[in-house]
Amino acid sequence: QKEGLMRYLEDGHIEMSNNLAERAIRPFTVGRRNWLFSGSPRGAKASAAVHSIVETAKANNLNPYKYLTFIFKSLPGIDLKESPEIIDILLPWSEVAQTVCKKAE
């Protein structure tokens, strides 16, 4: 393990441990067991879609519950075929979503 230790000592940007990476993938490894019981391929796809939305909200520093509420309340009143650019407002990095769904500090 000398080579890895020497690389760590020579480059100050390398993390000493991989705890950050392990914590980032923990929800997926815990969820993997639950996904076995999705019931059907359609259920698994729906579960993956919701999980993706939640993780994207977290990555953009949004409250996932507030963000899901925001998009599920907004989508039924929008005709995306007529005005597809409106979807930009619902994306987690939009100013509107950031204002409405920001995590409490």
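We use all heavy atoms of the structure for the numbers below, so side chains are in, but hydrogens, waters and symmetry mates are not. Residue numbers start at 1 and run along the sequence shown.
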In terms of side-chain geometry, is the basic nitrogen of E3 or R7 positioned less than 4.0 Å from the acidic oxygen of its partner?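 Salt bridge present between E3 and R7.
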
Check whether more than 12 heavy atoms from other residues, nucleotides or ligands sit under 6.0 Å from atom CD of E85, and answer yes or no.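 Enclosed.
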
Applying side-chain contact (heavy atoms from CB on, under 4.5 Å) to K102 and N61, what does each step give before you reach the verdict? CA-CA 7 Å; K102 198 70 168 173; N61 203 30; 3.8 Å; yes

Side-chain donor or acceptor of [X] paired with backbone N/O of [Y] under 3.5 Å:
X: T56; Y: S52; value: yes
X: S83; Y: L80; value: no
X: N60; Y: L62; value: no
X: S40; Y: G43; value: yes

Give, for atom [atom1] of [X] and atom [atom2] of [Y], the distance between the pair rounded to the nearest 0.5 Å.
X: L75; Y: L90; atom1: CG; atom2: CG; answer: 5.5 Å
X: Y67; Y: F72; atom1: OH; atom2: CZ; answer: 9.5 Å
X: D88; Y: W93; atom1: CG; atom2: CH2; answer: 9.0 Å

Where A97 and L91 come nearest, the two heavy atoms and their spacing: CB-O, 3.4 Å

Hey, does I87 have a side-chain heavy atom less than 4.5 Å from the side chain of I78?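 Answer no - side chains too far apart.
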
Residues in salt bridge (Lys or Arg N to Asp or Glu O under 4.0 Å) with R42, at least two apart?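 Result, salt bridge (Lys or Arg N to Asp or Glu O under 4.0 Å) vs R42: none returned.
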
Are Y65 and I53 grouped together when hydrophobic residues (ILVMFWY) are joined by side-chain heavy atoms under 4.5 angstrom apart? no

Any pair with a residue in residues 51-70 that passes salt bridge (Lys or Arg N to Asp or Glu O under 4.0 Å), sequence neighbours left out, goes on the list, sorted by first then second residue, please. E55-K58

